[in-house]
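The structure appears right after this line, and notes come after that.
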Protein chains: 2
Amino acid sequence: MPDRDTKGAVRTITDLARIAGVSPGTVSRALAGKSLVNIETRTKIQAIAREHGFRPNQMASGLRRQKTDVIGVVIPLGHDTRQQISDAFFMTLLGHLADELTREGYDLMLRRVVPGKDADWLDRFIGSGMIDGVIVIGQSDQFDRIEDVADGYDPMVVWGNHTEGQRHCVVGTDNRLGGRMAAERLIAAGATRLAFLGDTTAIEFAARFAGAQDSVARLGLPPIVTLRTHLSPDRASEEIARHLADHAGTIDGIFAATDTLAALCLTELRSQGIAVPDDMKLVGFDDLPIARQTVPPLTTVRQDIAAGAQGLVDLLLRRLAGEETESLVMPPQLVVRATA
Amino acid sequence: MPDRDTKGAVRTITDLARIAGVSPGTVSRALAGKSLVNIETRTKIQAIAREHGFRPNQMASGLRRQKTDVIGVVIPLGHDTRQQISDAFFMTLLGHLADELTREGYDLMLRRVVPGKDADWLDRFIGSGMIDGVIVIGQSDQFDRIEDVADGYDPMVVWGNHTEGQRHCVVGTDNRLGGRMAAERLIAAGATRLAFLGDTTAIEFAARFAGAQDSVARLGLPPIVTLRTHLSPDRASEEIARHLADHAGTIDGIFAATDTLAALCLTELRSQGIAVPDDMKLVGFDDLPIARQTVPPLTTVRQDIAAGAQGLVDLLLRRLAGEETESLVMPPQLVVRATA
DNA sequence: GCGCTGGTTGCAAACGATTGCAATTATTCT
DNA sequence: AGAATAATTGCAATCGTTTGCAACCAGCGC
């Protein structure tokens, strides 16, 4: 029961010290639970602190200790400015991150940035002195900038795609492999003329596309046509409709960069009277909850989001501890439902 | 182009002052763009700062100014601990909040808490000294605690339900009215024996339920049966299935507390061979993107999330400026699609 | 030439918690 | 009992930035 009655406003450790009849230093140590201070005075001080609802100022503490116990999480909105944060995948990842970080005693500072608008979005965050480390969710089209920063700043982990020889520590799914799996599934289901739905300027998506291309090339099928689209649902719908109309009859399998896109595509297919999976096979990516609920249920490539979040936090903490860490690329998993 | 070559490590304002040949105070003023310092030296200092990629330490600044430019956003996970953060509604709201706050020059500190586990989750956050104000997303079952805090702490705004005479400033939809609209729609579509799907210990949901009950009572229909369920998709599915089986034939209209729940319900209905809307009418709440994509598309009660986020931030800023503010309750809007 | 006004700059004291070191007291050993 | 050791506590500097106040300079009018 923190106070609110005792008007004595115990705001600082010094106030508390005065009440307890000891020095500020002792209070600090007592609250930190250090064994240096007598168990008796320690519990007494803690009792007084509780009684007055006192909490040490994190700013002051952070300044002195040069450690804030806050991890920055930044979402660069590079290749699709608007609305990407509402992307279910990132949001779910964010939720898990919050859990993991909390469990480790860290707070989470969230920042969305539009890299195009300010070039040094990452340096600004890091240099602010407010965070002990940073997790970047998605490389977007900022690969180079992230690489630059990685050279001089260790406590950073990035969610995204792993590229041979890159210098920043990344956690992510093997997108290329996932792309291969998706294409192979489409082909196994009978499709031969494939399309990729999504924006390949995002490096993760590009890798998925490349993976699919691998499979197609290996089997001697015609190259995959790419249907460029934004991620925001409103714009995407129209774009998909147009793509579908443009390629009517010339494609029979679609690999969507994202379940969200796949779901959108599914509704468009329905409204254009194209039967799935008979006339068109469809595979998504992520295995979001929505994949289970579309009609028909979506065949997709699963990323383990919870494991990803755990990996991100784990690696970041190890880096904070001074360890050198490898990147972590996790295998995707094909989930066959009914669209391919 | 921030440096990384000039190894001179310009970390503090004092370093910068030495280089510029002025005093730290002048540097501080120059970087703050204060007109007191000569325009010439000011631009020179700013140039040097840029050249060395210097950014003032936010912790120190925050400590001195007693202002952190950070707003806390906290999600209490009271009535359904697990996975609620992935709830699409909250996540979307969070995204908009991030946008709004950024635009106003604030950073966002995210914290999920499980109130059951620590009673003073809110005081802890507020007392940490790390945030200038707090936005609470969802009252969950913590109404009383929030009321307590509101008495002694002004810069707080809560997303949730407005109750007559409450003391904390809240932004939200008129849930009761929304509930009425939902029930009326179900009834207009031909349903007479209604059920409410969701957990009524959450106050927002309780209000929606109450609103529906209003309509039903006014029309002399049998009272609404409530189908208690959790929010996390995995558990909810089974629970819904069981409810549906238990009440087979005894209900013909379902008001789901949430679109997410409604979507889940829809798939369960399908798998149990119950036709929508013929054998069962269904109305959701929120109008999330998914509502447009279910089959058939979901009739639902819309909340304007973007406007909500704007309202939250606007009111919070006004309160930070010392203003007294009223709560903001926004009207919901019925969106008729195909499930009722 | 002297005092004044304005415009710039420097000085030094905050902000609140932490921590190495010294000082104090309590304990133990010879 | 005296001295050495250990256990507590206090002192004061420190983290990096901001800001009230004083100091300084140039230029001005008298």
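Since the model is a prediction, treat every value here as computed from it, not as a measurement. Order of the sequence lines fixes the chain letters, A, B, ..., with proteins taken first and strands second; residue numbering starts at 1 for each chain.
For C:dT18, its base sits under 3.5 Å from the side chain of A:Arg64 at one donor and acceptor pair at least.
Residues A:Leu36 and B:Arg42 both approach DNA chain C. Their nearest nucleotides, taken by heavy-atom distance, put B:Arg42 toward the 5′ side.
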Please determine whether side chain to side chain donor-acceptor pair (under 3.5 Å) holds for the pair B:Thr325 and B:Arg319, giving the CA-CA distance in whole Å, both sets of side-chain angles, and the decisive distance to 0.1 Å.
CA-CA 7 Å; B:Thr325 63; B:Arg319 298 192 132 243; 2.8 Å; yes
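With 3.5 Å as the limit, one finds no donor-acceptor pair spanning the side chains of A:Gln139 and A:Trp159.
Rounded to whole Å, atom P of C:dG6 lies 18 Å from atom CG of B:Asn38. Between the CD1 atom of B:Ile13 and the C1' atom of D:dT19 there is a distance of 12 Å, given to the nearest Å. The distance between atom CD of B:Glu40 and atom P of C:dT8, rounded to the nearest whole Å, is 10 Å. As rounded to whole Å, 14 Å separates atom C1' of D:dA7 from atom CD1 of A:Ile39. Separating the NZ atom of B:Lys44 from the C1' atom of C:dT8 is a distance of 13 Å, rounded to the nearest angstrom. Rounded to a whole Å, the CG atom of A:Asp69 is 15 Å from the P atom of C:dA17. Rounded to an integer number of Å, the gap from CD1 of B:Ile45 to P of C:dG10 is 8 Å. A straight line from CE of A:Met59 to C1' of D:dT18 spans 15 Å, rounded to a whole angstrom.
The closest side-chain heavy-atom distance from A:Val134 to A:Ile126 is below 4.5 Å. Between A:Pro155 and A:Asp132, every side-chain heavy-atom pair lies at or beyond the 4.5 Å cut-off. Residues A:Val74 and A:Ile135 have side chains not in contact (no heavy-atom distance under 4.5 Å, counting atoms from C-beta outward). Using a 4.5 Å heavy-atom cutoff, the side chains of A:Val10 and A:Glu51 are not in contact.
A search for salt bridge (charged side-chain N to carboxylate O under 4.0 Å, His left out) contacts involving B:Glu104 returns nothing, not counting sequence neighbours. B:Glu323 is linked by a salt bridge (charged side-chain N to carboxylate O under 4.0 Å, His left out) to B:Arg318, counting only residues two or more places apart in sequence or in another chain. In terms of the salt bridge (charged side-chain N to carboxylate O under 4.0 Å, His left out) criterion, residue partners of B:Asp118 (sequence neighbours excluded) are, by chain and number, B:Arg124. Taking the salt bridge (charged side-chain N to carboxylate O under 4.0 Å, His left out) definition, one finds that B:Lys44 meets it with nothing, sequence neighbours left out.
Checking C:dG16, C:dG10, C:dT19 against the side-chain heavy atoms of A:Arg65 singles out C:dT19 as nearest. The listed nucleotides are C:dG16, D:dT9, C:dT9; the one nearest the side chain of B:Thr41 is C:dT9. Listed candidates were C:dA14, C:dT9, C:dG16. Nearest to the side chain of A:Ala60 is C:dG16. Nearest nucleotide to the side chain of B:Pro56, out of D:dG16, D:dT17, D:dA13: D:dT17. Across C:dG16, C:dA13, C:dT9, the shortest atom-to-atom separation from the side chain of B:Gln66 is found for C:dG16.
End-to-end axis angle of the helix from C:dG1-D:dC30 to C:dT30-D:dA1, using five pairs per end and rounding to 10°, comes to 60°.
Residues from residues 23-33 of chain A placing a heavy atom under 4.0 Å of any atom in DNA chain D, listed by number, are A:Ser23, A:Thr26, A:Arg29.
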